[in-house]
Amino acid sequence: MKIGELSKISGVSVRMLRYYEEQGLLQPSRTAAGYRDFNQQEIRTLERIKLLSAAGMNLNTILEFLPCVRGNALVFEPCDELIELLHAQIKQVDKKAAELAASRRVLMGFLDEIDGS
DNA sequence: TTTCTTACA
DNA sequence: TGTAAGTA
């Protein structure tokens, strides 16, 4: 199917779809006119990309992780060499959580000042 | 009308 | 990421 159609059904912008291809996450074939032609496989891959994005991965780590995800569920192939990548991701999430907690403390501080005045 | 590439904000 | 330009 054409990029516009895929964009509509997937909710992913045409811009992003082209970017995903540029980054090697998607490899749609081309029509005679040079239009990208997405098949069922690309659609499935896109769903995985969305799943991995929800996990907070950037495109590069998704690219490494992609071959180890099956279907739309969190089912992984025996890619043991990637458990390290998983730990790294969790570490990043923890870091962000800490930063958010810090922001929360600052906000709470503002509120206390207002209440205090 | 839709898509393509390249490039700027 | 969105958008603009000039095509096919």
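Only heavy atoms go into these numbers, but all of them, side chains included; no hydrogens, no water, no symmetry mates. Letters A, B, ... are given to chains in the order of the sequence lines, protein chains preceding strands, and every chain is numbered from 1.
- For A/Tyr35 against B/dT2, a side-chain N or O and a base N or O form a donor-acceptor pair under 3.5 Å.
- With hydrogens and angles disregarded, a donor-acceptor distance shorter than 3.5 Å links the side chain of A/Ser7 to the backbone of A/Val12.
- Between the OH atom of A/Tyr19 and the C1' atom of B/dT6 there is a distance of 15 Å, given to the nearest Å.
- Rounded to a whole Å, the CE atom of A/Met1 is 16 Å from the C1' atom of B/dT2.
- Contact annotation: A/Arg36 side-chain N/O to B/dC4 OP1/OP2 distance is under 4.0 Å.
- For B/dT2, the paired nucleotide is C/dA8, the pair qualifying as Watson-Crick or G-U wobble because both relevant distances are below 3.5 Å.
- In this structure, the CD atom of A/Glu21 is 12 Å from the C1' atom of B/dT3, given to the nearest Å.
- If A/Arg18 and A/Arg15 are placed on DNA chain B by their nearest nucleotide, the residue sitting closer to the 5' end is A/Arg18.
- When the shell of 6.0 Å around CD of A/Glu99 is examined, it contains more than 12 heavy atoms from other residues, nucleotides or ligands.
- Residue A/Asn58 contributes atom CG, which lies 16 Å from atom C1' of C/dT1 at whole-angstrom precision.
- Rounded to an integer number of Å, the gap from A/Ile3 CD1 to B/dC4 C1' is 9 Å.
- A sub-4.0 Å separation between OP1 or OP2 of B/dT5 and a side-chain N or O of A/Arg30 is present.
- Remark: C1' of B/dT3 and CD of A/Glu5 are 13 Å apart, rounded to the nearest angstrom.
- A straight line from CG of A/Leu6 to P of B/dT2 spans 16 Å, rounded to a whole angstrom.
- Side chain of A/Ser10 to main chain of A/Leu6: a donor-acceptor pair is present (N/O by atom type, distance under 3.5 Å, no hydrogens or angles).
- Between A/Glu42 and A/Lys2 there is no salt bridge, since no side-chain N of the basic residue sits under 4.0 Å from a carboxylate O of the acidic one.
- Straight-line distance from the CD atom of A/Gln23 to the P atom of C/dT1: 12 Å, rounded to whole Å.
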